[in-house]
2 protein chains.
Amino acid sequence: MNKKIKKSVKTKIFEYCIENFSRIGYNNVGVRNISEGTGLSIGAIYYYFPSKEKIARFLYDTATELILENIKKSVGEARGDEEVIKSIIVELFRLTEESPRLMEYALYVKHKDFLPDVLPVCSSKPFEYIKSFMRKKIEEGVFEDMDIVVASALVMGPIIRIVQLRLDNLLKDDIRKYAVPIFEGIIKSTFKKVANKKISK
Amino acid sequence: MNKKIKKSVKTKIFEYCIENFSRIGYNNVGVRNISEGTGLSIGAIYYYFPSKEKIARFLYDTATELILENIKKSVGEARGDEEVIKSIIVELFRLTEESPRLMEYALYVKHKDFLPDVLPVCSSKPFEYIKSFMRKKIEEGVFEDMDIVVASALVMGPIIRIVQLRLDNLLKDDIRKYAVPIFEGIIKSTFKKVANKKISK
DNA sequence: ATAATTAATACGAATGTTCGTTTTAATTTA
DNA sequence: TAAATTAAAACGAACATTCGTATTAATTAT
């Protein structure tokens, strides 16, 4: 009966920092900016986080966890292997449109600058999850029998590329319109061909 | 008869900064580090560059120019459309193995942190060059008739992804071994099918 | 009363940059 | 040839600023 009325301190910090670490960079956002931007005092910030670096780590963990949850939920509703791939694309594109800063932080922020020992995002939970799905499908013979690295690159490469172009503002329109053609291209390059089955209409 | 003997100041700075901006980040490399690392005095550095930011810009321009030159040369020796795609892959993979820091700087460095008004690398000269080639081939009917954005993502996405994985040290071995399988996957997803022509052996 | 938050101040370390000076090498003058 | 002059190149201590962080005492909320 309380938490709803006011945003928690951590939430405020999360929202402000996700936005601004992505937009102008970790090193260009000072603790004083965070204080002003959230309306919190510097003391309050340090009451919840022992250091600025810990904020960055908290953002990273929360962001990857959030993305993973969304992907899992989306994949959970999919029927069949192709549907799984499609649902991943749709979900990643949706997240890109609806939470661009979240995606930007997860994909882009050069963690080496300020989180030296964090895994590169490409091997963070969401991407590991997708990769393990693919590994299984190669074993089952759904995908062409290819190296997992190659398969993973052929599937995730185009998706991530579209997302990056959008986040860089090089694509002006909603990228969800690319979901189907990208999906079809990916299927062509990775799935075993089945004689009596058409992929596109 | 003189320039050969000593590395120019700009060359020294280029080499040190490409290495270290990529490795530990622009904001973690101070002017004092550059001074110590190159053996140049701080004064000398500022004699050649008006600011640290201008160094970053110089690196960016030089790196993209270098990569573009190499791609052009490699493409120039290719015969036929598929060969062009293959030569781009081979060249980008070669550069990744032989000049990883150069590639890392061009692909990765989050320019927003310190070069606010520079183009994202994905739209820098080398990538624009490749894209315009593809646009032409779509018009000529070599590629499937698809949106240039989609085609570009299907071609460049997997390539860049492999490169990134390698630069993140998530792939331990030389990525050149992936050149052919990646090439074959890309062809499948983008090239028009020609009935009496097999792509792989 | 305890915990949470604020506001203000202060700290030292690190930053990018400046600037007066020195070194070096080439050119000009004598 | 030797001395004088010049200008570019290199130097590095010092500067003002900003950073993350710490500390304080006062205030508010539970």
Side-chain angles (χ1 to χ4, degrees), chain A residues 1-60 109-118, chain B residues 1-60 109-118:
Chain A
M1 62 167 180
N2 48 352
K3 295 288 174 57
K4 298 286 167 54
I5 209 90
K6 273 202 295 187
K7 273 184 199 168
S8 81
V9 169
K10 285 204 166 191
T11 301
K12 280 186 198 167
I13 293 177
F14 178 83
E15 288 174 357
Y16 179 84
C17 289
I18 273 282
E19 175 78 18
N20 289 281
F21 285 1
S22 290
R23 267 181 359 97
I24 60 176
Y26 175 82
N27 287 287
N28 299 319
V29 179
V31 179
R32 286 162 188 82
N33 299 123
I34 302 175
S35 169
E36 287 159 21
T38 57
L40 296 162
S41 68
I42 293 180
I45 293 166
Y46 276 94
Y47 186 81
Y48 284 96
F49 293 99
S51 70
K52 190 187 165 194
E53 187 190 311
K54 281 291 195 308
I55 296 179
R57 189 169 305 271
F58 171 69
L59 291 193
Y60 176 81
V109 166
K110 184 150 179 44
H111 291 92
K112 261 191 232 167
D113 267 14
F114 55 95
L115 290 180
D117 60 335
V118 103
Chain B
M1 63 168 180
N2 47 353
K3 295 288 175 56
K4 298 285 166 55
I5 210 87
K6 272 202 294 187
K7 272 185 201 169
S8 81
V9 170
K10 284 205 166 191
T11 301
K12 278 187 200 167
I13 293 176
F14 178 83
E15 288 175 357
Y16 179 84
C17 288
I18 272 282
E19 175 77 18
N20 290 281
F21 285 1
S22 290
R23 267 183 356 100
I24 59 177
Y26 174 81
N27 288 288
N28 300 318
V29 179
V31 179
R32 283 162 191 78
N33 298 124
I34 302 174
S35 168
E36 288 159 21
T38 56
L40 297 161
S41 68
I42 294 174
I45 293 166
Y46 276 92
Y47 185 82
Y48 286 97
F49 293 98
S51 70
K52 191 187 164 193
E53 188 190 309
K54 280 292 196 311
I55 296 179
R57 188 169 304 272
F58 171 69
L59 291 193
Y60 177 81
V109 168
K110 183 151 180 45
H111 290 92
K112 263 190 227 166
D113 268 14
F114 55 96
L115 288 181
D117 60 335
V118 102

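Residue numbers start from 1 in every chain, and the chains themselves are labelled A, B, ... in the order their sequence lines are given, proteins ahead of strands.
- In this structure, B:K54 places its NZ atom where only 12 or fewer heavy-atom neighbours from other residues, nucleotides or ligands lie under 6.0 Å away.
- For the pair A:Y48 OH and C:dT6 C1', the interatomic distance rounds to 13 Å; values are reported in whole Å.
- Below 30°, between 30° and 60°, or above 60°: for A:F21 and A:Y26 the angle between ring planes is above 60°, a perpendicular geometry.
- With rounding to whole Å, A:E36 atom CD is found 15 Å from C:dT6 atom C1'.
- Using a 4.0 Å heavy-atom criterion, one finds that A:G43 contacts the bases of the nucleic acid, with or without backbone contacts as well.
- Taking atom CD1 of residue A:I24 and atom P of nucleotide D:dT18, one finds them 15 Å apart after rounding to whole Å.
- In this entry the distance linking OH of A:Y47 with C1' of D:dT23 reads 16 Å, nearest Å.
- Nearest approach of A:S35 to A:L40, heavy atoms of both residues: OG-O, 2.6 Å.
- Heavy atoms of A:L40 sit under 4.0 angstrom from primed sugar atoms or phosphate atoms, though from no base atom.
- A sub-4.0 Å separation between OP1 or OP2 of C:dC19 and a side-chain N or O of B:Y46 is absent.
- For the pair B:N27 CG and C:dG16 C1', the computed distance is 12 Å after rounding to whole Å.
- As rounded to whole Å, 9 Å separates atom P of D:dC11 from atom CD1 of B:I45.
- Here B:S51 lies in heavy-atom contact (under 4.0 Å) with sugar-phosphate atoms only.
- Proximity of B:S41 to the phosphate of D:dA10: no side-chain N or O atom is located under 4.0 Å from OP1 or OP2.
- Summarising the geometry, the separation between CD1 on B:I34 and P on C:dA14 is reported as 17 Å, rounded to the nearest angstrom.
- The pair B:E36-B:R32 does not meet the salt-bridge criterion, since no charged nitrogen lies less than 4.0 angstrom from a carboxylate oxygen.
- If you take CD1 of A:I42 and P of D:dC19, they are 11 Å apart, rounded to a whole angstrom.
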